Amino acid sequence: MTVTPPEARQPLRPLLARIWRDYLSERKGRLALAMLCAAITAGTTALILRLLEPAVNGLFVDQDPNALWMIPAAIAGVGVIRGAAAIGQANLVNRLGHGWWARSRASCSPA
């Protein structure tokens with residue numbers, strides 16, 4: 001395997017600018033939506049972890065009868081939102097990736 005010498009390496013900024021200009025700028029709405037879905041997935045994952053402490057305390061330590069149905073329902077609701085956001089993010093990222101790949105292949109192949 002050959003290693004490219006440091007002086008022959010291209011800077012990253014022009015490459016990223018070309019990828020953005022040629023392939024991603026027209027899909028910025030979908031890209032933003034995918035990022036929003038990823039943020040929702042991350043936030044709901046943290047929220048599920050935050051709900052587990054009151055679940056354990058309410059169900060086992062305090063033996064609160066309301067906690068028997070409220071906390072599992074809240075965890076299930078957050079889980080549904082998390083799942084929908086994760087599916088949306090995966091779908092959008094796959095579409096963006098496949099679209100980018102198809103367009104880059106079409107621009108490289110002779111017509």
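Note that the coordinates shown come from a computational prediction; the quantities given were computed from them, not determined experimentally.
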Check: At what distance, to the nearest 0.5 angstrom, does CD1 of Ile75 lie from OG1 of Thr44?
Finding: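 Rounded to the nearest 0.5 Å, the CD1-OG1 separation comes out at 12.5 Å.
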Check: With sequence neighbours excluded, what pairs up with Val93 under the side chain to side chain contact (heavy atoms under 4.5 Å, CB included) test?
Finding: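 Counting only residues at least two positions away or on another chain, Val93 forms a side chain to side chain contact (heavy atoms under 4.5 Å, CB included) with Ala34, Gln89.
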Checklist line | Contacts of Ile87 that satisfy side chain to side chain contact (heavy atoms under 4.5 Å, CB included) - sequence neighbours left out | finding: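 Partners of Ile87 under the side chain to side chain contact (heavy atoms under 4.5 Å, CB included) test: none.
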Notebook entry, point to check: Taking ILVMFWY side chains as joined if any heavy atoms are under 4.5 angstrom apart, and letting links pass through other members, which residues group with Trp69?
Noted result: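 So far as hydrophobic clustering goes, Trp69 is joined with Met70.
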Notebook entry, point to check: Which other residues belong to the hydrophobic cluster containing Ile40, where Ile, Leu, Val, Met, Phe, Trp and Tyr are joined when side-chain heavy atoms lie under 4.5 Å apart, directly or via other members?
Noted result: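 Members alongside Ile40: Leu33, Leu36, Ile81, Leu92.
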Identify each donor-acceptor pair in which a side-chain atom of residues 45-56 lies under 3.5 Å from a protein atom, sequence neighbours left out, and give them as a table.
from: Thr45; atom 1: OG1; to: Thr41; atom 2: O; distance (Å): 2.7
from: Thr45; atom 1: OG1; to: Arg82; atom 2: NE; distance (Å): 2.6

Check: Closest approach of Cys37 and Gly88, non-hydrogen atoms and distance?
Finding: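 For Cys37 and Gly88, the tightest heavy-atom pair comes out as SG-C, 4.3 Å.
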Notebook entry, point to check: How would you list all residue pairs meeting salt bridge (Lys or Arg N to Asp or Glu O under 4.0 Å) that involve residues 23-45, not counting sequence neighbours?
Noted result: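 Output for this query lists Glu26-Arg103.
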Check: Taking side chain as C-beta onward, heavy atoms only, is Leu31 less than 4.5 Å from Trp20?
Finding: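 In contact.
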